[in-house]
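First the structure, in the form of structure tokens, and then the observations on it.
Convention: sequence-line order gives letters A, B, ...; per-chain numbering from 1.
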Amino acid sequence: MRLHRLSGDMGILAGAFVLLWFAPSFASDYALQISFRVMIYLTLAESWNLLTGSVGLVSLGTASFVGLGSYVAFGLANHFGAPIPVILVVCALAGAVLAALVSPALFRLRGVYFTVGTLALAALLQLLMVNLPTFGGASGIFLKHDPPPLASLYHDALSVALVASLAMAICARTRISVIIRAVRDDEDAAAQMGVRPYRVKLAAFALASALIAMAGAVQAINLGAIEPYGAFGLQWTIDALSMVIIGGIGWRLGPLAGVLFVVMLGEMLANYPEAHIAITGVILIVLIRFAPGGIVGMFARLFTRSTRLSSP
Amino acid sequence: MPDFGTVASAILSGLLLGGMMGLIALGLSIVLGVMRLVNLAHGVFLVMGAYAGLYFLKLTGFDPLLALPLLALGIAALALPLYRYLLAPLAQRGPEAQLMTMFAVAIILQNLFVFVFSADTRSIERSYATLPLSLGAITVPLIYVIGFAIAVALILAIHGLIAHTGFGRDLRASAADPAAAATLGVNVQRVQMLTFALGTACAGVGGVLIGVAFQFSPSSGGAYLLNSLAIVVLGGLGNVPGTLAGGMILGLLQSLGGLTLGDGYRDIVGMALFLLVLVFRPEGFLAARRA
Amino acid sequence: MNAAAAPLLEVTGLVKRYGGVVAIDHVDLQLWAGTITGVIGPNGAGKSTLIGMIGGAVTPSAGHIRLGGRDISRLPASERARAGIGRTYQIPRPFLDMTVAENLEVAQYSMAPLIGAGPARSARIELLQLTGLLDVAGVPARALPLLKRKRLEVARALALKPRVLLLDEVGAGLIDSEITELITLIQAVADASVAIIIVEHVLRVVRACCARSMVLNFGKKLIEGPTAEILAHDEVASVYLGTGGARQSAPAAPKDEAAPPPRDPGSLSQLIAPRSSAASRPPLLELQGICAGYGQARVLKGIDLQVHEGEAIAILGANGAGKTTLARTITGAINPTAGTLRIAGNDAAGRPAHDIAGLGIAHCMEGRRIFPTLSVRDNLLVAARRVDRATAQQRLAAVYELFPILAERAAQGGTSLSGGQQQMLAIGRALMARPRLVIFDEVSLGLAPIIMDRLYEALATLKAAGMTLVIIEQDVDRALALADKVYVLEHGIFGLAGDPRDIADDPRLRHIYIGTAD
Amino acid sequence: MRKLHKSLQAGVLFAAGALGLTQGAAKADEIVIGASLPLSGPLAGFGSFQQWGYKHAVDEVNKAGGIAIGGKKEMVKLIIRDDQTNPNLTASNTQTLLSRDHVVAMLGSCTPALVNAGALVAERAKKPIVTGCDPLQVFTSVRKWKYAWDIFFSVPDLTVAPFKMLAAAGVTTNKKLAIWHDNGPDGQANGKKLWPAFAKKFGYTVVQNAEFPINNAQFTSIISEAKAKGADVVLVDAVTPPAVAIRKQMASEGYKPKVLDIEKGAEPVQFAQALGKLADGVLVGGYWDPTFPYPGAAKLAKDFEAETKLTSSQHIADSYAAAQILLDAIAAAGSTDADKINAAIAKTNKTYVVGPIKFAADHTATLPIVSEQWQGGKTVIVWPKKAATGKLLFPMP
């Protein structure tokens, strides 16, 4: 039954992927730009939803891995002339390795302490990059060669987002989901049943970090220039988190809904630059207050059957 | 190698500054303890306090440090409607909803400050803020000593309030088990509202001190928020004297880090220390002293 | 039992210290496959700590635990589970948002991630059948009543295919008929390959299931042997039951805890609100057609109740009948969805909890709910509201007179007390408001019989002094002995109400409360 | 399953609808140019000056009837987006302006990180971008530009100015120099390389070289070290908030060097407003002042102050000039074709409000540097002599 649902998800994802893959041939440049942004944010949001919505690790460390991916990608491109697929694979590995390196420390922390620990990690990495001249210091690094054209970058972002969505589908639709939810609900009780909570959390953390690092790499190549304040900026963390909360935390479709909403809202409000942020804040407050399960939660109440991954 | 005077002055000013940071962190700490809320608008409340001090001086000509109680009350009063209309309705909804709401409040207020006061860097100009205080080879800014004295006095007053009064008992009970406290007759919403106001007032008073001693702009709040979080963890959640000690330790170590590694590494030392404490004593470095 | 064979589980010199307190002091234990061993002892004897150390939730300070010859003392809980140790929690901890079947999948898939879906399913069905949960396989664990949650605990532990099964207080909180069902389950589970440890207050379970038992007292093994002999032993009786002439000779419980309450109720007037003088006064508490619940689940379905000043009311009922929901509705922790709630004539439905407390209703909550960060004294003072310092001190003195141990421990942290002392603190705290009516919710739950006696003496003293009481209890005998009037909750309505003597003899009580005679 | 499908469909429809809504319908007879500016975040102060400069130039052209394209006068529409001081947003804003609003050319943001992020996008899209607010050497170090143009000061000009000024004024110091700089890009470039090199050339001894985080607030140990070492000359590279803190703490540490030059941070009027009397004597390099003998200089400052009731800043000048250069180029090209505009920009040769502009082969035009000193709440140009509006206050009070 569960596998049946998984194959359904796979089908939809494959269909969407094929459809979107050919978007550059009929969509406008603007639509492509927006889609690129959606794919990057979707990857971040899916990863954050896996960590927080499913495993229960409230992370404020998204920026650490975006920055890591950016710097690793530039190192590979500038020093070795690596092609993008290679860059993505290495960045994913780097993200997973960093996650594995810091997890012995971070996983000792529970609840709000884990959260501030991840926040401190991002701040620490940013400060280190600013001060270490090896990595360009505060001036950052420029890509030596021109980045590939938008259509090609779009395909990279789309592929990363597909990998992220596939991974989340597997986490949500297979027996893995039972284990993940057990760890989130009651770590001790799960351990008493033979689940190794540390490994489960580490696997989720490494997976999310690998995905985020890949998104960071694509975004950095798109920019052509990186420096610590932008690459390790808190804004990445806040974006991922607010998109998932707006979309509906813990819901399978929450990240997608949140990303679409926030990106569209940003575009619509961009013509009022002075008030843009304040209006976003007001909308955020109203949504949190009156749509507790986010956009998806709101819609789900209208349907009887729900596609809920798990309750928050 | 720097001489004795430089080292001693750095250590002392680090400690004094840490005391002021302790007051700011205390506001964050009590709100976190009672409401389980990491108040992401804490830094913006600090900036609000600084603007309040600046305009108080401009409009009345009176020294804002002398009018601190008045300013604190004013800022606390602003926190009440925020609690009543934004936070209280979300009380049953878990911490994320309140967290995100306060984040939204922070960006709205910051935007509002830019709009009303412009993005300019401001400072509350007082003549004593630029006087040195020398003791032999040791020189520290007089304002650090004044700020430290005010901060310590307030921290001790809050400690007394929490440890020895009926309100403090209600506060501790609400923090430990809000449902049980309510059943015993404690108006938990009122306690939370007053705690939120008190925490906001701490940020506001800290903001006036920062405004006089340093400078501020609408976007200054973020750095103080991060520092305060580090201090809360260092001092142990809900531990009032620990928060003061945590602030002073952080200030001291940042000064020492700056002296030994260069000032570029000040913040790194703070962050690294913060992570180390988190990892080895997540309940706080000084939590053992907790009652 | 084959004494010559190597034991399946061997515990040697096990020690657990918490700071200066020794919770388990050099305990040895040997278990063979196919046996069931009972562990009994008073509250705080270290029974749960022992289970925790064997299961891996608690790290031993010293000593060794060997499973089939392999030293597992330092392994984390997950590895012990994988090595074949299954445990249940005293208070069930199912994954609330998962269905019953999914709860079992957690154990299955963690042990054998690649097991085929078919075999896993049939193994699950078999387990669910064995534990009587097949009909609720698709129900979220959140919706299960206590008995089924306890069964789920057992089923989850069994899904590990354990070699050693640790059952922690599976009988606690269950009524007689439910305990009978549990005994049947345990006996069905036992087979030649499994060693079972049962930690239990309910002696019926131990008697029925365990061939051998050991008694723990103050962290030490007091005695070990065949269950029947153990239970007949004088020393055990004095330690555990607090009965008989052995009381002086054994440290059954600290003396101060067992001291009788003051005979002179004079000081109690500080703690009991004076009666109103009006002749035609309305009932102190009046419920009409009260309905309440949580979200979609309707728990109370039309409750009518009147409590007059000076009355002692007992509310009985099986687990899940809605007793605690009723208490929470009266005290404002949840709002009724229908009906009227009047306190001394004032409409109180929908008012917040602190308002209701202000009207003179105190609630001595289930689970005690002591504030860990407050001292004993501050725990008490929280409840003395809107009174001057002198009055608060008088009330404090009166509570201390009722429970002298609280005066001794006044400056200590609230949760540093033993379970019984914490319950006294909870009662004292409820009285500090000088309430007009107190609801006592499961005050005896999880306590040794001697402490239960002591608490019920205190309640009797309060009643004698004129206090209005609502007692929510599972223990029928104690409640019937104290109450003027008894109500029995069944599926959210009062199935039976009346004079305790009539109720006690009423055959319907047996039907409603204990279940059918067989 | 069906629900999921429905939701996906709904999502796609929603997205398509939203995109349709936001498609900016540019009128046929408009020339659209765009800019992404830091209107919020730490650089919001700069952003607001630039926004005024850009808008002012566009307004003037429109008041004069617009620009002739193919013989027909068209109005200019300037679309500004906020990048929140985040280079990621500068890039995406620029992408959106190019692809959605079909702007014919861009105006730059402020500071290297933001300007470069936007310029790289425009460069790839082959659309011209004219900017100020990006020091020339940083700008040219990014790449060889084809479509991006920068008018600003040259970094060596700025860093050498204090030395030249002191030499010209003929004042005596003990030639002991303390350098304090933040760890931002220009802070590191000036503080680590350029100043020490010039110090050697001009015969100064660097007794201290301290680096601090960009938003540092606590400088007492740096200051007391310089004091202990007896440096007469202090050169600082910092943004305004730490600049204010440095000046305050120097006073409260009782440290009075004879010369204090704070690059970047001491430039805006808020520096003097925040410090009051303490600002007196502080030196800072500048590239523009209303007293400059260029057409429209005095009027520009007057217009700004009349319109906004705020004190003017040099940032209104380079932004105003950048916009004028672009608009002139569009007019010269008589077309909205990017390459034609770009070629016209390259041919720019005219004196603007900031001085004569003629782009070098590396797409830069250098603004001359002057040394300014705060005196009584106002800046006075003290060097070079031909631009001077006042006398050097020495030593610093």
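In this structure, the portion of B:Leu229 lying under 4.5 Å from any heavy atom of chain A is its side chain and not its backbone. Contacts of A:Val102 with chain B are absent, with no heavy-atom separation under 4.5 Å from either backbone or side chain. For chain A, the nearby part of B:Leu226 is the side chain; its heavy atoms alone come within less than 4.5 Å. There is no contact between A:Ile283 and chain B, counting heavy-atom distances below 4.5 Å. Residue A:Leu287: no heavy atom, backbone or side chain, is found under 4.5 Å from chain B. Only the side chain of A:Ile245 comes within contact range of chain B, with at least one heavy atom under 4.5 Å from a heavy atom of that chain.
By the neighbour-count criterion of 12 heavy atoms within 6.0 Å, atom CZ of A:Phe107 is densely surrounded, having more than that number from other residues, nucleotides or ligands. Within 6.0 Å of atom OH in B:Tyr55, more than 12 heavy atoms from other residues, nucleotides or ligands are found, so the atom counts as buried in its surroundings.
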* Worked verdict on A:Leu284 versus B:Phe103 for side chain to side chain contact (heavy atoms under 4.5 Å, CB included) -> CA-CA 9 Å; A:Leu284 200 55; B:Phe103 169 70; 4.0 Å; yes
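In this structure, B:Asn111 CG and A:Thr280 OG1 are separated by 9.0 Å, a value rounded to the nearest 0.5 Å. Atom CD1 of A:Ile238 and atom CD1 of B:Ile107 lie 8.5 Å apart (nearest 0.5 Å). Here A:Ile288 contributes atom CD1 and B:Leu90 contributes atom CG; the two are 7.5 Å apart, rounded to the nearest 0.5 Å.
Chosen from B:Val38, B:Val114, B:Thr101, the residue pairing most often with chain A at heavy-atom distances under 4.5 Å is B:Thr101.
The two residues B:Ile108 and A:Gly281 have their closest heavy-atom pair at CD1-C, 3.6 Å.
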